[in-house]
Amino acid sequence: MSGMRRAQPRAHGAGALASSPWVVVGTGVLVMVVLLIVALASYRSRGPAFDARPIDPMPTYPLSESTATNPARVAANLPEPVVPGLTPRRTELPPDGLPDDVEPGVPSTGGDALPPPAGEVVPPPPGDGDAPPPRPTTAPPPPPPPPSSPMSGRFRVMDSWNNEAFIGEVLLYNRDRVSRPWTVRLVPPPGSRLVTSWVEGAPQGGSRMSGGVFTYTSGVNVGPGASVPLRFHFENTGGSIRPSRCTVDGVACSGL
């Protein structure tokens with residue numbers, strides 16, 4: 001009995017799989033095929049057909065009595081359906097022209113304003129804040145000249161001394177039918193000095209010299225058709241014996 005060998009026990013479980021490598025390989029291939037089928041089924045269930053947003057139903061619009069009989073007018077007034085991701089477009093005009101109730105160039109509630117016909121100019125509508133165009137203004141007429149005074153005067157030199165001094169006279173005459181007051185203004189040569197002034201044969205008035213201008217105001221009115229002489233004495237005239245200006249009530253004297 002001692003010369004006989006005992007039979008080796010067979011391996012079970014993991015040892016059996018390790019001793020059979022083709023079983024392991026076949027099992028791995030089967031598992032990969034199953035995973036691939038599951039992945040394909042999951043991808044098809046998540047396709048774009050299930051993620052797409054349903055399209056909103058097309059709105060309906062009530063048709064008026066005037067547009068119900070014209071299919072082209074109905075198609076022009078209906079807006080296009082809104083598609084997700086796209087912006088609405090304006091409705092084009094029907095091929096047969098404008099409807100009967102639409103005027104060219106006048107905005108309407110059914111579409112955009114149409115341009116005016118060629119050659120016609122349409123003024124823009126006035127806005128709320130626009131100011132009206134300015135009206136043309138004309139310059140006011142000049143004021144009428146003052147009426148000429150009925151008083152007149154005539155200048156003359158009565159006496160002089162080497163052109164350095166002189167006595168002059170303004171003879172005043174009233175052409176009016178009523179008595180009138182008067183005022184004489186005289187501009188003597190530059191640098192002149194007034195010595196005295198008086199009215200011959202009549203009540204005296206008032207005189208003054210200011211800014212190189214001699215002014216004499218009557219003390220009594222001159223009667224209608226009457227005359228009165230105003231006389232004055234100037235010296236240091238600088239070689240001249242004639243004033244540069246003489247007026248009676250704004251009317252230039254004669255004799256200068």
Side-chain angles (χ1 to χ4, degrees), residues 105 116 119-256:
E120 181 179 352
V121 179
V122 179
D128 297 337
D130 296 342
R135 296 182 179 179
T137 57
T138 57
S148 178
S149 173
M151 296 293 298
S152 61
R154 180 179 180 85
F155 174 81
R156 72 185 180 100
V157 176
M158 298 183 64
D159 200 357
S160 65
W161 296 270
N162 296 325
N163 292 336
E164 294 293 334
F166 73 94
I167 295 176
E169 177 189 81
V170 174
L171 182 62
L172 299 110
Y173 179 73
N174 182 13
R175 297 171 298 172
D176 204 352
R177 296 180 180 180
V178 297
S179 299
R180 296 188 62 88
W182 49 271
T183 300
V184 173
R185 287 185 174 85
L186 185 140
V187 180
S192 299
R193 185 179 70 87
L194 176 65
V195 177
T196 185
S197 61
W198 70 98
V199 176
E200 190 74 23
Q204 304 301 307
S207 65
R208 72 177 185 274
M209 189 76 180
S210 176
V213 179
F214 166 69
T215 303
Y216 194 101
T217 304
S218 63
V220 66
N221 296 349
V222 179
S227 62
V228 63
L230 169 66
R231 295 173 183 176
F232 34 82
H233 179 194
F234 285 96
E235 63 181 15
N236 299 330
T237 59
S240 176
I241 58 174
R242 288 188 177 272
S244 59
R245 184 180 180 186
C246 174
T247 62
V248 177
D249 292 345
V251 180
C253 300
S254 62
L256 288 178

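Counting heavy atoms from C-beta on, the side chains of Pro229 and Val170 never come closer than 4.5 Å. Here the side chains of Ser207 and Thr215 are not in contact, with every heavy-atom distance at 4.5 Å or above. Considering only heavy atoms from C-beta on, Gln204 comes within 4.5 Å of Tyr216 through its side chain. Using a 4.5 Å heavy-atom cutoff, the side chains of Leu186 and Val213 are not in contact. Cys246 places none of its side-chain heavy atoms less than 4.5 Å from the side chain of Arg185. Side-chain contact between Ser218 and Thr183 is absent, with no heavy atoms from C-beta onward closer than 4.5 Å. The closest side-chain heavy-atom distance from Trp182 to Asn174 is not below 4.5 Å.
Rounded to the nearest 0.5 angstrom, Ser160 OG and Phe234 CZ are separated by 14.5 Å. Taking CG from Asn163 and CD1 from Ile241, the interatomic distance works out to 5.0 Å, rounded to the nearest 0.5 Å. With values rounded to the nearest 0.5 angstrom, Leu172 atom CG is found 13.0 Å from Arg154 atom CZ. Here the CG-CG distance, from Asn236 to Leu194, works out to 12.0 Å after rounding to the nearest 0.5 Å.
Scanning both residues, Ser149 and Asp249, for their nearest heavy atoms gives OG-OD2, 3.3 Å. Shortest non-hydrogen contact noted between Met151 and Val248 is CB-CG1, 4.0 Å. The two residues Met209 and Pro188 make their nearest non-hydrogen contact at CE-CG, 3.5 Å. The minimum heavy-atom distance between Leu256 and Pro243, with the atom names listed, is CD2-CG, 3.9 Å.
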(message) Met158 vs Arg231, test: side-chain contact (heavy atoms from CB on, under 4.5 Å). Steps then yes/no.
(response) CA-CA 9 Å; Met158 298 183 64; Arg231 295 173 183 176; 3.5 Å; yes
(request) Please test Phe214 against Arg208 for side-chain contact (heavy atoms from CB on, under 4.5 Å), starting from the C-alpha separation and ending with a verdict. (result) CA-CA 6 Å; Phe214 166 69; Arg208 72 177 185 274; over 6 Å; no
(request) May I have the step-by-step check of side-chain contact (heavy atoms from CB on, under 4.5 Å) for Ser192 and Thr237, ending in yes or no? (result) CA-CA 5 Å; Ser192 299; Thr237 59; 3.6 Å; yes
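Note on ring orientation: taking the six-membered ring where Trp is involved, the planes of Phe232 and Phe166 are perpendicular (angle over 60°, cut-offs 30° and 60°).
Proximity of the aromatic rings of Trp198 and His233 is defined here by a centroid distance below 6.0 angstrom, and this criterion is not met.
Counting heavy atoms of neighbouring residues, nucleotides and ligands inside a 6.0 Å radius, atom CZ of Arg245 does not exceed 12 of them.
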For residues 221-228, run the donor-acceptor check on the side chains, cut-off 3.5 Å, and write out each pair with its distance to 0.1 Å, sequence neighbours left out.
none

